**Q** 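One structure coming up, written as structure tokens, with questions to follow.
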Amino acid sequence: MTADGKDGSAGGDDGSDPDTETAFDPDPERVASLREVADEIRSDSSESKQLANILYRTSDLYDADEETTPEEIVRNVKFILEVTERGGLER
């Protein structure tokens, strides 16, 4: 509505709000849903554990108590997959 973009439809490029802050606002319901699904699919297989860990880590984007970015989650997911590929954390 206004030229300064305060209606939320314009502006946004002023650098005051990073995309990650506005794109992933805290959403306790989404956190609970993602974590519930993660708990339901977790079983003894390494694949289900991997997927559950990825879902749980993704839920951190929407958790007000967590400070993470999509980039950090991607790095974490890659690490999870690499550890599994190597056969575990044992060296």
Side-chain angles (χ1 to χ4, degrees):
M1 292 176 122
T2 62
D4 64 1
K6 290 192 178 192
D7 64 349
S9 63
D13 291 332
D14 63 0
S16 62
D17 292 323
D19 288 338
T20 55
E21 288 182 25
T22 57
F24 301 103
D25 291 331
D27 186 344
E29 289 180 29
R30 185 170 289 181
V31 170
S33 294
L34 286 167
R35 292 178 181 177
E36 181 179 335
V37 170
D39 291 339
E40 287 177 14
I41 64 168
R42 188 181 305 273
S43 68
D44 290 335
S45 75
S46 64
E47 292 84 3
S48 68
K49 289 177 184 176
Q50 281 179 341
L51 184 54
N53 289 341
I54 291 167
L55 287 172
Y56 203 92
R57 190 68 177 110
T58 301
S59 74
D60 289 346
L61 281 175
Y62 304 98
D63 189 339
D65 296 332
E66 295 289 335
E67 293 183 18
T68 191
T69 65
E71 293 80 12
E72 290 172 326
I73 291 174
V74 168
R75 282 193 300 271
N76 189 251
V77 168
K78 285 181 180 180
F79 178 74
I80 291 169
L81 297 174
E82 288 170 2
V83 165
T84 302
E85 185 175 304
R86 287 192 310 250
L89 290 173
E90 299 83 27
R91 295 178 189 215

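Computed from a prediction, not measured in an experiment: that's the story for all the values here.
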**Q** Measuring from Gln50:CD to Ile54:CD1, what's the distance to the nearest 0.5 Å?
**A**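 Gln50 CD to Ile54 CD1: 6.0 Å, rounded to 0.5 Å.
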**Q** If you round to the nearest 0.5 Å, how far is CZ of Phe24 from CD of Glu66?
**A**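 One gets 14.5 Å once the value is rounded to the nearest 0.5 Å.
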**Q** Output the distance between atom CD1 (Ile73) and atom CG (Leu61), rounded to the nearest 0.5 Å.
**A**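 CG of Leu61 is found 3.5 Å from CD1 of Ile73.
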**Q** Do Ser48 side-chain atoms and Ser43 backbone N/O form a donor-acceptor pair below 3.5 Å?
**A**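 Yes; at least one donor-acceptor contact below 3.5 Å.
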**Q** Please report the interatomic distance CD(Glu67) to CG(Asp60), rounded to the nearest 0.5 Å.
**A**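 The CG atom of Asp60 is 11.5 Å from CD of Glu67, to the nearest 0.5 Å.
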**Q** Between Asp63 and Arg57, is there a side-chain N and carboxylate O pair less than 4.0 Å apart?
**A**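 Not counted as a salt bridge, because no side-chain N and carboxylate O are separated by less than 4.0 Å.
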**Q** Does a side-chain heavy-atom distance below 4.5 Å link Leu55 with Ile41?
**A**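 Touching, per the 4.5 Å side-chain cut-off.
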**Q** Applying side chain to side chain donor-acceptor pair (under 3.5 Å), can you list everything that pairs with Arg42, at least two apart in sequence or on another chain?
**A**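 Partners of Arg42 under the side chain to side chain donor-acceptor pair (under 3.5 Å) test: Asn53.
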**Q** A side-chain contact here means heavy atoms from C-beta on lying under 4.5 Å apart; do Ile80 and Asn76 qualify?
**A**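 Yes, close enough: below the 4.5 Å cut-off.
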**Q** Is a side-chain donor or acceptor of Ser59 paired with a backbone partner of Tyr56 at a separation under 3.5 angstrom?
**A**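 Side chain of Ser59 to backbone of Tyr56, a donor-acceptor pair under 3.5 Å: yes, one is there.
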